[in-house]
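Heads up, the thing below is written out as structure tokens.
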Number of protein chains: 2
Amino acid sequence: MSVNSARKPREVRCETKDTQTRLLNAAEALFIDAGYAGMSARGIADRACVNIAAMAYHFGSKQGLLEAVLIRRIAPINTSRRRRLEAVHERRAESIRAILHAFLWPVFFNEHEAPARRLMGRVMTEPAEVIEPLLNLGFSDVIEQFVVAAAACFPKQDRALIVQKFSFVVGALNLTVLRPSEHIFGPAPAAEVSFDRLLNFSVDGFQQWPSLSDVNKDMA
Amino acid sequence: MSVNSARKPREVRCETKDTQTRLLNAAEALFIDAGYAGMSARGIADRACVNIAAMAYHFGSKQGLLEAVLIRRIAPINTSRRRRLEAVHERRAESIRAILHAFLWPVFFNEHEAPARRLMGRVMTEPAEVIEPLLNLGFSDVIEQFVVAAAACFPKQDRALIVQKFSFVVGALNLTVLRPSEHIFGPAPAAEVSFDRLLNFSVDGFQQWPSLSDVNKDMA
DNA sequence: CTTGTATTTAAACGATCGTTTGAACTTAAT
DNA sequence: ATTAAGTTCAAACGATCGTTTAAATACAAG
């Protein structure tokens, strides 16, 4: 019988980047898989091939490391979203499709596609107390801007309705990129396919209701 | 200055129900707020006004208690979903609206509305390793049945497309019931309002695409 | 009251948690 | 070679983790 190491035997060699980057990558992977409470400082250090004290030295604390992880990936996505929304406004092409396109595109297509996607999905579903201090780093602003833009497309709809429709889009996006259970929804389609489907689904859902009266009459 | 107890001072008296129910209620509340890794056995026992050993005595382990929590709330919802889908089939009224209505209704309107809703939202976003053993307790089956029913409504669409559209509905549902951040989407509307909006949004999103060609031509 | 089963309890188990310490080591400028 | 700043290290800190043990208690049946 073979002897196993104390923790999970890492099948891959450690990365060759600097310590801070190795810590960021390791924390990112473990946060995506297990959430904040489920990832341990020692697990991060092990995966990064770094002494556990390096975390406090470079990032102050586990929470500080998570903040750095999120800023590295989420901030560029939100910046891209803002830029694209501005471009839509400059072109005077404020359709709901163009707006949702600007919102969704940077999540699916960016420098570090898969990790950034899954990070985005995980961070939105974490318990409030862990994430809430991070949301004021530019997250609420982006949502607000897009809600305003979307509301301008439907002047006759309540703002509260627009907000909730947008939350539906965010929810669908979250589950798509987080992909919590292969056993339920099967293997993930390619990013281009998922993006197209999600955009079409969201655009259709955002339209005015086709008929407001037949809501309550087809259920027992 | 006043003296505080060791842990969070509970502002409310302990419930008067039996030990098992108190444990279930306490674990449910903490799981919704903090997830599985974030809830502690001692925190549960404290909130339930129960000795910590009672957890192992009545439920075997922390995982066993969580399973009991989920079965208590999720199983009735899935049973109700199945019943309503059967009723739709018996009435030969298999519209996508009726099918999605049968899927969504039991989440919003059931015996223990708010706790069951939020539990449903949390369990779908938990890390895989914690939840996956529970999904084979009837969860995947329900999704599968509804996907089949939905696919029958759109015979010309790929099954993979139907599956992903359904995942969009589940994602939107999750974020709606979980409501992770009041700061982003504001206060939650009444259950009836959220249900109507989510149903309409989902039904519209499920329709055939209005035009498949203008997808790639309105972005720079 | 006595017996036997079911439940609750205080206490402790070893393990792991996030964090801190101070020395050892590396690196580059003097 | 010497200094100083930057970085990594083994080791330990107290706290909390989930679980277990065995004694104490509650309670119905005989």
Side-chain angles (χ1 to χ4, degrees), chain A residues 4-10 14-31 33-70 126-127 129-131 133-134, chain B residues 4-10 14-31 33-70 126-127 129-131 133-134:
Chain A
N4 290 334
S5 64
R7 291 173 183 276
K8 275 187 192 171
R10 263 191 322 280
C14 282
E15 301 176 276
T16 58
K17 327 221 179 195
D18 59 303
T19 301
Q20 302 194 29
T21 303
R22 289 209 307 273
L23 276 170
L24 288 170
N25 292 346
E28 177 177 81
L30 294 180
F31 175 72
D33 285 345
Y36 181 77
M39 74 183 192
S40 78
R42 284 178 176 79
I44 295 170
D46 278 12
R47 179 185 259 260
C49 299
V50 153
N51 187 277
I52 187 178
M55 200 188 73
Y57 178 77
H58 287 286
F59 298 98
S61 66
K62 177 185 167 189
Q63 171 88 25
L65 174 54
L66 175 67
E67 291 186 16
V69 165
L70 295 180
E126 275 288 289
E129 52 204 357
V130 184
I131 298 304
L134 302 173
Chain B
N4 290 333
S5 63
R7 291 177 183 275
K8 273 188 192 170
R10 263 190 322 279
C14 282
E15 302 176 275
T16 57
K17 328 222 176 192
D18 58 302
T19 301
Q20 303 194 29
T21 303
R22 290 209 306 274
L23 275 171
L24 288 171
N25 292 344
E28 178 176 80
L30 293 180
F31 175 71
D33 284 346
Y36 181 77
M39 75 184 190
S40 78
R42 284 177 176 82
I44 295 169
D46 278 10
R47 179 184 257 261
C49 298
V50 152
N51 188 277
I52 188 177
M55 199 186 75
Y57 177 77
H58 287 286
F59 298 97
S61 65
K62 177 185 166 188
Q63 171 88 24
L65 174 55
L66 175 67
E67 291 186 16
V69 165
L70 295 181
E126 275 288 288
E129 50 204 359
V130 184
I131 298 305
L134 301 173

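Chain identifiers are assigned alphabetically (A, B, ...) following the order of the sequence lines, protein sequences preceding nucleic acid strands; residue numbering begins at 1 within each chain.
Between B:Ser40 and D:dC17 there is a side-chain polar atom (N or O) within less than 4.0 angstrom of OP1 or OP2.
D:dT19 atom P lies 8 Å from atom NZ of B:Lys62, rounded to whole Å. Per the geometry, CZ belonging to A:Phe59 stands 18 Å off C1' belonging to C:dT20, to the nearest Å. Between the C1' atom of C:dA10 and the CG atom of B:Asp46 lies a distance of 14 Å, rounded to the nearest Å. Protein atom CE of A:Met55 is 16 Å distant from nucleotide atom P of D:dA10, rounded to whole Å. To the nearest angstrom, C1' of C:dT16 lies 16 Å from CE of A:Met39. Here the C1' atom of nucleotide D:dG18 and the CG atom of B:Leu66 are 14 Å apart, to the nearest Å. We find that CD1 of B:Ile52 is positioned 15 Å from P of C:dC13, with the value rounded to whole Å. We find that CG of A:Leu23 is positioned 12 Å from C1' of D:dT7, with the value rounded to whole Å.
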Pairs of donor and acceptor atoms involving the side chains of residues 49-59 of chain A, under 3.5 Å and at least two apart or interchain, shall be tabulated with distances.
{"from": "A:Asn51", "atom 1": "OD1", "to": "A:Ala53", "atom 2": "N", "distance (Å)": "2.8"}
{"from": "A:His58", "atom 1": "ND1", "to": "A:Gln20", "atom 2": "NE2", "distance (Å)": "3.2"}

- Task: For side-chain contact (heavy atoms from CB on, under 4.5 Å), just list the numbers for A:Met39 and A:Lys62, CA-CA rounded to whole Å, side-chain angles, deciding distance to a tenth of an Å, and then say yes or no.
- Result: CA-CA 10 Å; A:Met39 74 183 192; A:Lys62 177 185 167 189; 3.9 Å; yes
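Side chain of B:Glu126 to backbone of B:Gly35: no donor-acceptor contact under 3.5 angstrom is found.
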Could you pull out the protein-nucleic contacts involving nucleotides 4-8 of chain C (nitrogen or oxygen on both sides, under 3.5 Å)?
{"from": "C:dT7", "atom 1": "OP2", "to": "B:Tyr57", "atom 2": "OH", "distance (Å)": "3.0"}
{"from": "C:dT8", "atom 1": "OP1", "to": "B:Thr19", "atom 2": "OG1", "distance (Å)": "2.3"}
{"from": "C:dT8", "atom 1": "OP2", "to": "B:His58", "atom 2": "NE2", "distance (Å)": "2.6"}

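Rounding to the nearest 0.5 Å places CD of B:Glu67 at 7.5 Å from OG of B:Ser61.
No option in B:Val69, B:Asn25, B:Leu30, B:Leu24 other than B:Leu30 meets the side-chain contact (heavy atoms from CB on, under 4.5 Å) test with B:Ile44.
With sequence neighbours left out, B:Thr21 forms a side chain to side chain donor-acceptor pair (under 3.5 Å) with B:Asp18.
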